[in-house]
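Data block below; observations after.
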Amino acid sequence: MSQDIFVLIEHLRGQVADISYIMLAAARTLASSSGGQVAAVLLGKDAQKLAGNLAADKVLYADSPALTEFTSEAYQLTLAKLIEEQSPRAVLFGHTTIGADVAGWLSGKLSLPLVSSCVNFTSDGKFLSQTCGGKIMAEGDLPSPTILVTMIPGGYKSEQGQAAQASAIESFTPPALDNLRVALKKYIEPEAGDVDISKSPFLIAVGRGIQNKDNLDLPNELAAAINGTVCASRPVVDQGWLPTSRLVGKSGKRVKPKIYLALGISGAPEHVEGINESDVIVAVNTDANAPIFNVAKYGTTLDLLDLVPQLTEKVKQAKGG
Amino acid sequence: MKIAVPIKFVPDLVEELNIDSSGAALDTSWLRLIINEFDDHAIEQAILLKERGGAEVTIICAEGDGVDDILFNAAAKGADQLVKLMGSDAAMMNSHATARVLADFFKEIQPDLILTGVQAHNDLDGSVGALLAEYLGMPYVGYVAGVTAASGSVIARKEYPGGIIGEMEVKLPAVLGIQAAEQPPRYVAYSKINQVSKTVKIEERAISDLDSSGGATVGRMFKPEPAQRAEIIEGSPEEVADRMVGIFKELGVM
Amino acid sequence: MSYDTIKSIIVALALLVALGIFVRYAWQRLWVYLRRGQTSPKFSDWGERIKGLIVFVGAQWRLFRFRLPGIAHFFIFWGFLLLSLTILQAIAEGLMAFANPQFVLPVIGTWGPLAFVQDFFALFVVIAIGYGLYLRLIVNPERYKGSHRNQGVKVLTFILTIMLSLLVMNGLRINLNEDLLGRYRPISTLIGGLFVGLPEATQSIIEELCYWIHLGVVMLFLTELPQGKHFHIVTSIPNVLLRNLEPRGRLPVTKTSDGAAGVSKMEDFRWRTMLDLYTCTECGRCQDVCPAYNSSGLLSPKLLVMNLRRNLQERGAALSAKQTNGVLSKSLTGEIVGEEALWNCTTCYACDQECPLFIEHINPIVEMRRYLVLEGKMDKMLQDALANLGRYGNSLGQSDRMRAKWTQGLQPAVKDARREPVEYLWFVGDYASYSPTLTDVTRKTAEVFSKAGLNFGILFDAERNSGNDVRRAGEEGLFEMLMGKNMQALGKCKYETIVTTDPHTYNTLKNEYAWDGNRPRILHYTELLDQLVASGQLKFSKKLAAKVTYHDPCYLGRYNGVYDAPRRLLRAAGCEVVEMPRHGDRAFCCGAGGGRIWMEEKPGHARPAEIRIREAAALTGVQSFVVACPKDVTMFKDAVKTTGNESRLQVQDLIEFVQEAI
Ligand SMILES: Cc1cc2nc3c(=O)[nH]c(=O)nc-3n(C[C@H](O)[C@H](O)[C@H](O)COP(=O)(O)OP(=O)(O)OC[C@H]3O[C@@H](n4cnc5c(N)ncnc54)[C@H](O)[C@@H]3O)c2cc1C
Ligand code: SF4
Ligand code: SF4
C-alpha cells in the first residue's frame, strides 16, 4: 500500500495527449494532500522518449510489443498487475476513448471503487465531477485504500503537468500478453486538406441550434467578414453539414482561440472540454439555462438566426469605417 | 449471432434539474426519464447487424416509467426479445449494480455480442459496458462507431480524437460500448409500435438484491453557481451585435 | 350490291369495331382495374351531388378561373353535346342507307331550331379549337409542361376535322337541295356558297367524301377516347358526381386491416382515387398554382396524377396478364413518384381547389407519405420533429412544462382553464407558445383578449400540438395520440368556445377532432375579434394610418373560407388593405404547411415564402405584410431578409395592429 497517485499517460501514434498533462497537474494536488508521489504510468514499445516532459516524480514504464499502440485488453491486464502489486492511493485515467475503456474494467477486476467525469479535486481531497451533461456537479470523498478516477479537462491547465526535465524511469514487467482477444488492425485517417481550426484566433462554432444546412450561410458570412473560421459541435458534423476536421471537443480538436463564439451550442461536457482553454467564450443560446453559459464570459439568449446577420452587418461597418 | 442490448434510462436534460432535500441526489419528483441516447444508437447498431447478416436481438431494461414504450419501439425496429428486469427503478441503479444484475442474466442467455451505449450522462461510476465485460470475462472496446461482423469476431471502429478511427478486431463473445451507430436511430411510426405492443410480449424477470459497491459515493450535489456564469448581454439583436463588436475590438481580434 | 348497301355494311362494321374497342378499353379500365382498388366510403347526399354536376360539369364553373381557356372549353363541351346528335344522325343515315339514302331521325334530323343552334355551335367549336391549337402550339404555357402535347393536338385536329367536314357536308347538301333544314343553317349555307360554281356531280362526290371523313374521324376518336386524357369526357361525370363532399379540412384515411395507414402500391388506393386518375385532362391548372412546383419544381400535382395513371394502367395490364415482375416490381413511392416530390407538398389546397374536375392531390400524397413514415424513409429533421412531438407534445423539443412560460408576469394572470370554468378556451399552439420570436405576439394577443373583457383561459402544460401537420406529414398514429391527449385535457375543462392562434390548429380542431356530435364553437382569433368589434365589445381608440397587405393563410382561407374577418379587422383599425395579385382563395402558400416547416429546404431554389414576399414588395406604398398565422411570421420574416426587403417590408401579425389600435 502506498500514498502514491498514478496517472495513466495516454498516447496515440507517438503523441502524448493533452489530458495526460492535465491529470499530472491534478495528481500533484492529490499527492500533496495524501503525502505520496506522482507516478506517470507509461505503456508502450520503445516509448521511453515520451516520458521526456512529464511532470511526475517517477515514470513507471512497461515495454512490450503488445503495447505498441493502445488496445483495451493489453492495457487492462498490464495495469491490473501493476495496481495489484503497488496499491497506490489513486489512479487517474482520462475520461476518454483510452482511459474509460480501462478504468471500468479494472474497477470490476480489482473490486476497486470508481469515480468518473471528475474535473477537480478539492483541497480537502474530494472529487468534483460533472454530471447530467454539465448541468449538475457532484462532490464526494475518495475512499481508501485505492480509488480509480476518470478525468475530464477543465480544472487544471496542461502546462502545469509539463516539466522541463525528464524524471526517473522505473521499468516494470507486464504480464504475459498473448492470446489477446482485442487487436488493432489499422488506423483510418480523417479526410485531410481542410483548414486547421486550432490555428485560428477567432472561431465561430455552430451547434444543433443552427437547425439546418442552409443556415450555415449565416456563420460563413460572419466568418468571412471578421476573418474567422467556422467550426462545429458533433451533431452538425454527424449530419454531414461540415467535415470532421471542423469538429471541436472530445472526439474532435481541442482549441484555444482568442474568441470562441458558440452559436446554438448547449455546452455538453464533451464539447466544453475542447474549448475551455479559449481566452474568451461568447455564447448565443436561446436557453438561459444552457451549461455553455457556465464557461462563457459573455452570452445572449437571442435567437442566433436574428443575431448573426446583425453581427455580420456591424462587423462590416466597423471594418469599413 | 445472438446480440443483447442492455439499455438504461436517464434524466431528460430538457427539463430543469433540481437537487433533493438530502442535497446529494437529484429531486426525482420532477424528473422525466428518457432512454440514454447512446443506448438508442446501440439498438440501431444491433438492428443494422441483424439486417446485414441475421441475428437474434434481445433488449433488456430495468423497469420504470416509459420503459415498455421504448421496448416496443425497439421491437418495431426489429428486436426479437424484450426483457424487463423487475424490482428496481431503471434510473436509480448505478453502473456497478446494473452491470452485476445484467451479468447474472447474460450468464444464462449467453449472447455472442453485447452492445451498450458507451456512456450515459449521469454515470458517476464509469459505464456499464466495461464493468459488464469484466464480470463476464469478455473483452471490451468502447467509443465504437460502426461494427462489422466477421466469423468468430467483429470489427469495431473505435473513435480517437481528431477523427482518427482505429479498426479493432474483437473476438466473440464481447462487449462493445457504442458511441454512434452507422446511421442515426431510425424513426418508428406510432401505428407500428401500437401494433407490436399487441403482438410482442415483454418477458419480466425478477432481480434479487442489488449490489452497488464500487460506485462513487456522492456527498453533495449542486448546480454550477451563478457567479461562474456568463454576463448576459440584453437588448435587441442590433444592440447586442453592437456590444459584441465592442468586445471583439477590446480583445484586439478586429 | 348497290353503293348504298355497301355504305350501310361499312358503317355498321366500322361502328361495331369502334364500339368494340371503346367498350373493351372502358371495361378494362373502369371495371377490371378499378376493382383492384380499396372500397370507398358510401356516397350519400345525392341532391348536393347532382347540383354539383349541373354547376361544375354543366356550367363548367371552375374552368372560368382561367378566363379564355375556360370559355373555349365551355363551347367545345356544349358543342360536343349538341353535335353528338348530328353524329347520331350521320350514323343512322349510314346504317339505313340501304333502305333509304335520305333517312332522317325524328326530331334530331327534323327540328329546325336544333339545327340552327347546332350550326352556330359548330362554328364556335371551330373557333375554340383554333384557340386551343394556338395555346398548345404557339403560346405553350408553363402549365402544359409535361402534358401529352401530341395527344392534345391530335384530338383537337380530330374535332376540327369532324366540325369542318360537317359544315362542308351540310353546305353542299344545301346546295344540292338535299337538306330539309337548310334554311336553319346559315353558317353551312355560307360555306356551301364557296362550292356553288362546281358541277353538281363534283359537289355530290365532295359531299359523300365529307360524310366518310366525318364518320371515319368520329370512329377514330371513339377508339382514341378511352386511351388517354380524353377519357375525361366519360369519367368526368361520375367523378364530379362522386366528389368528396366532406369539409376540405378533413383528410381521409384508409386503414388496412392491421390498423396501419398508408399506400405502398397502386391497389392500396381506393377505387375512387383511381377514378380521379383517369379523369385528369392534363390541363395543368393545378401545376400552375402549386407553390412546390413554382419554387423547387420537384413536385407537380399534374405529373403526380399522370404518373399514377400510367402506373395504374401498366400495373393493371401486368396483373391481368399474370406477370410477376417488370412494372410490378417498381416501387410506387420512389420509382413512380419520387420521395422528394411527395415531401415537397405543403398541403396548401391550391391544386385541389383549382382542378375543374375535383381531382384530389393531397389525399394520395399523404397516403403515400404515410407509407414512407412507416418505412422510416424521411428527412432527419422531420424525424426529430416527430420524435419531439411524441415525447414533449411540441416539435421544438422543449419541455411541456415550459409551454406556458410566456404567461409569466402577465397582468391580469392568464387563467388555467383546467381549474376554473372560462368562456373562451384559447388553444395557443406550439410556435406561439415556445418560439422566442413569437411569444411577444402571443403576449399581445393575451393583452388584447383581456382588454376586450374576455373570460378566457388556456390549458397550460396539458396542451399538445394539435396534430394538423403531423397528420399531413403522414404520421397518423402520432396524430391520433396527440388528438387523444388534447381531447382528454379539453374534456376536463368547462368552456363554451375554443379560440386558436394558429389556423392549422383551427382546422384540425374544427374538422378532424372526434367531437362525436358535441363540437363546441371553434373560432380563429381573427373571427372572434371581428365579432367583438361588430358587437361593440372591442373598441378601437386609434386609427392607424398604415397601408398594408394581408396574406391569407391556407388553413384559414382556402380550407375554411375565412377571408373577410381579418380584412374587416384591419380596416376597423384604420389600415388601408391593398391586395396582392394572388389573394383570397388564390393566395400563394408560405411553404410551411403539411409538415414542411420541419423539413430541410433544398438550397438553390426560390422558396415559396420568397416568391410571396416579392409579390408583396411590388405593391407600391405597402409597408406591412400582415399575417394571421404564427408559422407565417417565422417563414416570412426569414424571406424578407433573404430577399433583401428588410427596409421595404415589415412582417407583422394582425394582432399587433389590433393591440396598437385599442
Ligand atoms: C464519447 C463522446 C464524445 C463526444 N464528442 C463530442 C465532441 O467532440 N464534440 C461535440 O461537440 N460533442 C461531442 N459529443 C456529443 C455531446 O455529448 C453533445 O451531444 C453535443 O456536443 C451537443 O451538441 P450541440 O450543443 O450542438 O447540440 P444540443 O445539445 O442539442 O444544443 C443545441 C443548443 O442550441 C440552442 N438553440 C436552439 N435553437 C437556437 C437558436 N435559434 N438560437 C440560439 N440557440 C439555439 C438550444 O437551446 C440548445 O442549447 C460527444 C459525446 C460522447 C458520448
Ligand atoms: S397542395 Fe399545394 S403544394 Fe401540394 S401539390 Fe397541391 S398545390 Fe402543390
Ligand atoms: S389534376 Fe385537374 S387541374 Fe390538374 S391537370 Fe389534371 S385535370 Fe387539370
Side-chain angles (χ1 to χ4, degrees), chain A residues 12 72-73 97 100-101 103-105 107-109 111 113-116 129 131-133 135-141 150 181-190 201-202 226 244-245 247 251-253 258-259 280 282-283 289 293-294 296-302 306-307 310-311 314-315 318, chain B residues 11 13 16-17 26 99 121-127 130-131 133-135 139-143 155 158-171 174 180 214-224 228-233 237-238 240-242 244-245 247-249 251 253-254:
Chain A
L12 184 69
S72 50
E73 198 177 17
T97 188
D101 269 18
W105 188 89
S107 169
K109 178 79 182 171
S111 296
L114 170 65
V115 167
S116 58
S129 284
T131 180
C132 296
K135 285 195 156 180
I136 301 286
M137 302 298 294
E139 188 191 77
D141 292 327
T150 66
R181 293 166 296 175
V182 179
L184 174 71
K185 294 270 119 186
K186 62 168 185 275
Y187 286 119
I188 301 169
E189 300 290 335
F202 197 117
I226 205 163
T244 316
S245 51
L247 176 62
S251 40
K253 293 214 167 78
K258 282 205 159 110
I259 292 207
V280 170
V282 181
N289 291 323
F293 291 122
N294 298 342
K297 177 130 190 247
Y298 303 99
T300 168
T301 54
L302 287 173
D306 291 334
L307 178 70
Q310 285 287 344
L311 198 53
K314 296 281 169 194
V315 167
Chain B
L13 297 183
E16 209 178 313
L17 302 178
L26 290 180
H121 67 62
N122 65 345
D123 285 344
L124 272 173
D125 61 337
S127 70
L131 283 162
E134 200 286 321
Y135 293 148
Y140 173 76
V141 174
Y143 289 69
I155 306 291
K158 182 174 174 68
E159 282 203 358
Y160 289 94
I164 299 167
I165 305 280
E167 264 193 7
M168 298 281 177
E169 183 173 12
V170 189
K171 291 227 171 69
T217 324
V218 175
R220 182 166 83 97
M221 270 195 182
F222 57 96
K223 297 199 206 182
Q228 301 168 245
R229 293 178 66 89
E231 172 194 328
I232 300 290
I233 311 171
E238 199 173 350
V240 173
D242 259 335
M244 282 192 178
V245 170
I247 295 170
F248 299 163
K249 276 187 183 153
L251 293 164
V253 286
M254 276 187 61

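Each chain gets a letter, A, B and so on, in the order the sequences are listed, and its residues count up from 1.
Here the closest non-hydrogen pair linking B:Glu159 and A:Ser251 is OE1-CB, 3.7 Å. The heavy-atom pair separating A:Val182 from B:Met168 by the smallest distance is CG1-SD, 4.1 Å. Residues A:Gly108 and B:Glu134 approach most closely at C-OE1, 3.2 Å, considering heavy atoms. Taking each heavy atom of B:Val141 and A:Ser72 in turn, the nearest pair found is CG2-OG, 3.8 Å. Nearest heavy atoms, B:Ala130 versus A:Trp105: CB-N, 3.6 Å. The two residues A:Ser107 and B:Gly214 make their nearest non-hydrogen contact at OG-O, 4.2 Å.
Listed options A:Lys109, A:Glu189, A:Glu73 were ranked by heavy-atom pairs under 4.5 angstrom with chain B; first place goes to A:Lys109. Each of A:Ala183, A:Ala100, A:Pro113 has some count of heavy-atom pairs under 4.5 Å with chain B, and the biggest count is that of A:Ala183. When each of B:Val170, B:Leu26, B:Asp123, B:Leu131 is scored by its heavy-atom pairs under 4.5 Å with chain A, the top score falls to B:Leu131. Between chain A and the options B:Ala99, B:Ala133, B:Ser127, B:Gly142, the largest number of non-hydrogen pairs under 4.5 Å is found for B:Gly142. Counting heavy-atom pairs under 4.5 Å between each of A:Gly133, A:Ala103, A:Pro201 and chain B puts A:Gly133 at the top. Across A:Gly104, A:Gly140, A:Cys132, A:Gly252, the residue that shares the most heavy-atom pairs under 4.5 angstrom with chain B is A:Cys132. Looking only at heavy-atom pairs under 4.5 Å with chain B, the residue among A:Thr301, A:Val282, A:Ile226 that has the most is A:Ile226. When each of A:Leu12, A:Leu247, A:Thr244 is scored by its heavy-atom pairs under 4.5 Å with chain B, the top score falls to A:Leu12.
Of the atoms belonging to A:Phe202, it is side-chain heavy atoms, and not backbone ones, that fall under 4.5 Å from chain B. Using a 4.5 Å cut-off between heavy atoms, A:Thr150 does not touch chain B at all. Contact of A:Leu184 with chain B is made through backbone and side chain together, with heavy-atom distances under 4.5 Å. Both the backbone and the side chain of A:Ala138 have a heavy atom closer than 4.5 Å to some heavy atom of chain B. For a residue to count as touching a neighbouring chain, one of its non-hydrogen atoms must lie under 4.5 Å from one of that chain's; by this rule A:Ser111 does not touch chain B. For a residue to count as touching a neighbouring chain, one of its non-hydrogen atoms must lie under 4.5 Å from one of that chain's; by this rule B:Tyr135 touches chain A with the side chain only. Both the backbone and the side chain of A:Val315 come within contact range of chain B, with heavy atoms under 4.5 Å apart. Only the side chain of B:Ala180 comes within contact range of chain A, with heavy atoms under 4.5 Å apart. For A:Val115, the parts lying under 4.5 angstrom from a heavy atom of chain B are both the backbone and the side chain.
Between B:Lys223 and A:Ile136, some side-chain heavy-atom pair lies under the 4.5 Å cut-off. Looking at B:Ile247 and A:Lys297, their side chains never come closer than 4.5 Å, going by heavy atoms from C-beta outward.
Within a 6.0 Å sphere centred on NZ of A:Lys253, heavy atoms belonging to other residues, nucleotides or ligands number more than 12.
A:Lys135 places a side-chain N or O within 3.5 Å of a backbone atom of B:Leu13 that can act as its donor or acceptor partner.
Of the options B:Val218, B:Leu124, B:Asp125, a side-chain contact (heavy atoms from CB on, under 4.5 Å) to A:Ser129 is made by B:Leu124 and by none of the others.
Taking A:Asn289 as the reference, A:Asp287, B:Glu16 meet the side-chain contact (heavy atoms from CB on, under 4.5 Å) condition, with sequence neighbours excluded. The salt bridge (Lys or Arg N to Asp or Glu O under 4.0 Å) test applied to B:Lys158 returns A:Asp101, not counting sequence neighbours.
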Check step by step if side chain to side chain contact (heavy atoms under 4.5 Å, CB included) holds for B:Leu251 and A:Lys258.
CA-CA 8 Å; B:Leu251 293 164; A:Lys258 282 205 159 110; 5.8 Å; no
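Separating the CD1 atom in A:Ile188 from the CD1 atom in B:Ile164 is a distance of 11.0 Å, to the nearest 0.5 Å. Taking CZ of B:Arg220 as the start and CD of A:Glu139 as the end, the distance is 4.5 Å to the nearest 0.5 Å.
Under a 4.0 Å N-O distance rule, the pair A:Lys185/B:Glu167 does not qualify as a salt bridge.
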